[in-house]
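Here the structure is laid out as structure tokens; the discussion comes afterwards.
Worth saying up front: this structure is predicted, and the values here are computed from it rather than measured.
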Amino acid sequence: MKEEKKLRWYNVALIAFVSVWGLGNVVNNYATQGISVITSWILIMLLYFVPYALIVGQLGSTFKDGNGGVSTWIKETTTKKLAYYAAWTYWVVHIPYLAQKPQGILIALGWAFKQNGNLVNDTPALTVSLISLVIFLIFLWVSSKGLTTLKRIGSIAGMAMFVMSLLFILLAVTAPALRGASFATPNMGDIKTYLPTFNFAYFTTISMLVFAVGGAEKISPYVNNTKNPSKEFPKGMLALAAMVAVCALLGSFAMGMLFDSNNIPDDLMANGAYDAFQRLGAYYGVGNFFMILYAIANTMAQISALAFSIDAPLKILLGDADEEYIPRKLAKLNSKGTPVNGYAMTGILVSILIIVPAIGIGSMNDLYKWLLNLNAVVMPLRYLWVFFAYMMLNKLHKNFSSEYKFVKNHKIGYVIGAWCFLFTAFACILGMVPKIDYAADPKAWVFQFTLNIITPIIFIALGMILPAIAKKEVAKKA
């Protein structure tokens with residue numbers, strides 16, 4: 001048996017865990033739901049994440065020779081046109097992600113040098129947006145020159161962030177016993193404290209949970225590298241789910257110890273992780289040591305993610321470009337192999353998304369939270385294609401075979417795929433509702449709600465324009 005075929009279930013679980021999970025997932029969801037998010041984590045793991053991961057396993061096993069990921073799955077089960085839209089979706093949902101990364105870099109640097117979160121609370125949104133635009137344009141240029149060094153930095157920073165996430169849980173959970181720390185959230189021994197209120201406001205926060213556990217399609221290439229795919233991979237995915245669940249539950253419990261669930265700071269999404277490490281440093285008598293370590297690691301991780309996310313999704317979109325759907329000018333490479341026109345399109349869209357919202361959103365904290373919520377709305381849209389591909393795979397099961405199958409009954413498989421598809425769509429649609437109080441600031445609420453609706457519509461419209469341009473090019477060529 002070849003060496004690359006000898007990955008065990010625990011290898012797959014660890015590889016997937018590093019790529020899927022991070023401390024930000026704990027902080028952001030605690031900020032939206034408080035300590036009751038612990039119940040939400042349990043529900044999302046059982047009803048969504050476990051089937052999602054196992055669906056990816058079957059798709060990856062079935063189309064093990066495909067290089068386009070989700071777009072390959074769609075192409076093989078449907079049409080080239082839908083495959084284009086899958087690739088387009090994968091690329092375009094990264095635009096809000098790229099627009100927020102410069103903010104993340106500024107916040108991390110602010111904590112590293114000033115050792116406080118005043119940057120978020122004191123700096124006007126427009127000022128931050130202009131600085132963020134400069135940072136983005138610099139890295140747009142850097143990523144066009146090559147990513148080898150940044151990838152290495154990113155790998156080191158990614159592992160460092162992984163270690164810091166586990167360190168956070170360890171330090172926080174043991175603080176009461178070792179350092180006599182008191183619980184910030186009252187009644188943490190009462191089970192009622194952890195029960196959410198299932199009202200409309202609650203359902204508008206589900207998209208953040210879906211955003212947190214998404215991205216399992218990244219691990220699909222490992223399905224056929226396992227020692228026994230039909231047994232090892234699902235075992236690895238279940239181990240992944242268990243690891244994520246433990247970190248989510250203990251991490252949220254730790255947040256409840258540090259921050260009162262009934263009085264969550266308004267800037268928790270932006271400053272929460274740094275503030276948490278600062279508080280833990282005070283508990284253990286090491287000052288800002290933990291916080292500075294986290295700030296440095298996060299700065300490096302944000303820088304690498306920014307440059308890498310400019311380049312990688314664009315290459316997925318243009319790498320296997322079909323001239324029926326992608327204009328030749330957009331896919332054209334320069335002497336260094338860089339799709340310069342594709343970079344220009346990325347630069348224009350991200351620049352607009354960095355500057356325009358700042359006109360109607362006054363503070364940096366509000367801008368950061370809005371962009372994060374927008375990411376939670378648009379980023380899961382790419383997961384819809386995963387579930388659609390799985391539905392079609394079950395419908396056309398006689399045409400395909402795979403070493404690993406999530407469920408053997410194709411009708412049940414189709415229903416599970418449809419459930420995940422509808423749940424994702426439901427979360428994204430309700431996620432468009434702003435997380436600010438309408439009565440407190442109706443103008444800001446309407447502005448954010450309008451942007452949340454318009455942004456996905458514009459993304460879809462742009463995706464329809466490119467095939468029209470390509471069609472004209474093909475007609476002229478003929």
Check: [X]/[Y] side-chain N/O donor and acceptor closer than 3.5 Å:
| X | Y | result |
| --- | --- | --- |
| Trp21 | Ser165 | no |
| Tyr202 | Ser40 | yes |
| Asp190 | Thr193 | no |
| Tyr343 | Asp311 | yes |
| Thr174 | Tyr284 | yes |

Are the side chains of [Y] and [X] in contact, using a 4.5 Å heavy-atom criterion?
| X | Y | answer |
| --- | --- | --- |
| Leu367 | Ser129 | yes |
| Leu374 | Leu451 | no |
| Met432 | Pro456 | yes |
| Thr32 | Val37 | no |
| Ser252 | Asn29 | no |
| Leu166 | Leu170 | no |
| Leu317 | Tyr90 | no |
| Trp141 | Leu137 | no |

Donor-acceptor under 3.5 Å ([X] side chain, [Y] main chain):
| X | Y | value |
| --- | --- | --- |
| Thr185 | Gly256 | yes |
| Tyr194 | Met188 | yes |
| Arg382 | Ala86 | no |
| Ser61 | Gly57 | no |
| Ser304 | Met300 | no |
| Glu232 | Trp9 | yes |
| Thr204 | Ala201 | yes |
| Ser309 | Leu306 | no |
| Asn298 | Tyr294 | no |
| Asn11 | Arg8 | yes |

Of all the heavy-atom pairs spanning [X] and [Y], show the shortest one and how long it is.
| X | Y | answer |
| --- | --- | --- |
| Ala108 | Ala295 | O-CB, 3.6 Å |
| Leu140 | Gly347 | CD2-CA, 3.9 Å |
| Gln103 | Leu371 | NE2-CD1, 3.5 Å |
| Leu106 | Leu119 | O-CD2, 3.2 Å |
| Tyr283 | Arg179 | O-NE, 2.9 Å |
| Cys428 | Pro380 | SG-CB, 3.6 Å |

Parallel, tilted or perpendicular: which describes the rings of [X] and [Y], with under 30° parallel and over 60° perpendicular?
| X | Y | value |
| --- | --- | --- |
| Tyr48 | Phe387 | perpendicular |
| Trp385 | Phe388 | perpendicular |
| Tyr97 | His94 | perpendicular |

*Full working for side chain to side chain contact (heavy atoms under 4.5 Å, CB included) between Met237 and Val50*: CA-CA 7 Å; Met237 290 301 93; Val50 171; over 6 Å; no

*side chain to side chain contact (heavy atoms under 4.5 Å, CB included) between Trp370 and Asn452, intermediate numbers included*: CA-CA 9 Å; Trp370 172 75; Asn452 288 346; 2.8 Å; yes

Examine [X] together with [Y] and report whether their ring centres are nearer than 6.0 Å.
| X | Y | value |
| --- | --- | --- |
| Phe290 | Phe168 | no |
| Tyr52 | Tyr383 | yes |
| Phe162 | Phe17 | yes |

*asked:* Tell me whether the count of non-hydrogen atoms from other residues, nucleotides or ligands lying under 6.0 Å of CZ in Phe426 goes above 12.
replied: yes

Just verifying a value: how many Å separate [X] [atom1] and [Y] [atom2], rounded to the nearest 0.5 Å?
| X | Y | atom1 | atom2 | result |
| --- | --- | --- | --- | --- |
| Met243 | Leu238 | CE | CG | 12.5 Å |
| Leu280 | Asp275 | CG | CG | 9.5 Å |
| Phe139 | Lys101 | CZ | NZ | 12.0 Å |
| Gln58 | Tyr390 | CD | OH | 4.5 Å |
| Thr424 | Phe211 | OG1 | CZ | 13.5 Å |
| Cys247 | Ile169 | SG | CD1 | 4.0 Å |

*Go through Asn271 and Trp111 one step at a time and tell me if the side-chain hydrogen bond (donor to acceptor under 3.5 Å, both in side chains) criterion holds.*
CA-CA 9 Å; Asn271 288 328; Trp111 277 93; 2.8 Å; yes

*Determine, step by step, whether Asn25 and Val244 satisfy the side chain to side chain contact (heavy atoms under 4.5 Å, CB included) criterion, reporting the C-alpha distance in whole Å, the side-chain angles of both residues, the deciding distance to 0.1 Å, and the verdict.*
CA-CA 10 Å; Asn25 296 323; Val244 169; over 6 Å; no

*NZ/NE/NH1/NH2 to OD/OE distance under 4.0 Å, Lys369 and Asp267*: no

*Could you walk me through whether Phe308 and Ser143 pass the side chain to side chain contact (heavy atoms under 4.5 Å, CB included) test, one step at a time?*
CA-CA 7 Å; Phe308 185 70; Ser143 62; over 6 Å; no

